[in-house]
Amino acid sequence: TLSLLTGKLLDLIAVEVLDMVGDFKPQELANLLWAFATSGRADADLFERLSVKLMRCMGGNVDGGDSDTCIVGGEELGEPKPQEISNSVWALATAGLRSPGQLSMITFV
């Protein structure tokens, strides 16, 4: 029963994360991708939106949005660190999901 409760809690967190994607720093995006991938609760929409945001932070243009801006709370952040990128790519591979944003990030790296 604990695993069912954990799954429901992660589903609720995913809904909140989708509303706040623009508020996360690169490390936080990588941590979220990793956490959902390791828990087996990878959601295609969640992973796509997190990947697109991380791609923008790396200077990539995925969906016609700003390609070189990683702004959180009005502050422009630098590019993600190599560890954040590698953790994110690992999370995408582990989740087994494939979408344009995710594939673009893997190709970009």
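Just the heavy atoms: all of them, side chains too, but no hydrogens, waters or symmetry mates, feed the values below.
Atom SG of Cys57 and atom CG of Leu29 lie 6.0 Å apart (nearest 0.5 Å). One finds the CG atom of Leu46 at 7.0 Å from the CG atom of Leu32 (value rounded to the nearest 0.5 Å). Thr38 OG1 to Leu33 CG: the interatomic distance, rounded to the nearest 0.5 Å, is 10.5 Å.
Looking only at distances, a side-chain donor or acceptor of Glu84 sits under 3.5 Å from a matching main-chain atom of Lys81.
Taking Ile, Leu, Val, Met, Phe, Trp and Tyr as members and joining any whose side-chain heavy atoms lie under 4.5 Å apart, directly or through other members, Leu12 forms no hydrophobic cluster with any other residue.
In this structure, Leu18 is a member of the same hydrophobic cluster as Leu92, with clusters built from ILVMFWY side-chain heavy atoms closer than 4.5 Å. Following chains of ILVMFWY side-chain contacts shorter than 4.5 Å, one cannot reach Val15 starting from Met20, and the two form parts of different hydrophobic clusters. In the hydrophobic clustering of this structure, Leu54 does not group with Trp34; members are Ile, Leu, Val, Met, Phe, Trp, Tyr whose side-chain heavy atoms approach within less than 4.5 Å, directly or through other members. Taking hydrophobic clusters as Ile, Leu, Val, Met, Phe, Trp and Tyr residues chained together by side-chain heavy-atom distances below 4.5 Å, Trp90 does not share a cluster with Val52. There is a path of hydrophobic side-chain contacts, each under 4.5 Å, that joins Leu9 to Phe36.
The two residues Ala37 and Ala91 make their nearest non-hydrogen contact at CB-O, 3.5 Å. Annotation for Val21 and Lys53: closest pair CG1-CB, 3.8 Å, computed over non-hydrogen atoms.
Looking at heavy atoms from C-beta onward, Phe24 lies out of side-chain contact with Asn31 at the 4.5 angstrom threshold. Taking the side chain as every heavy atom from C-beta outward, Val17 and Leu50 approach each other to under 4.5 Å.
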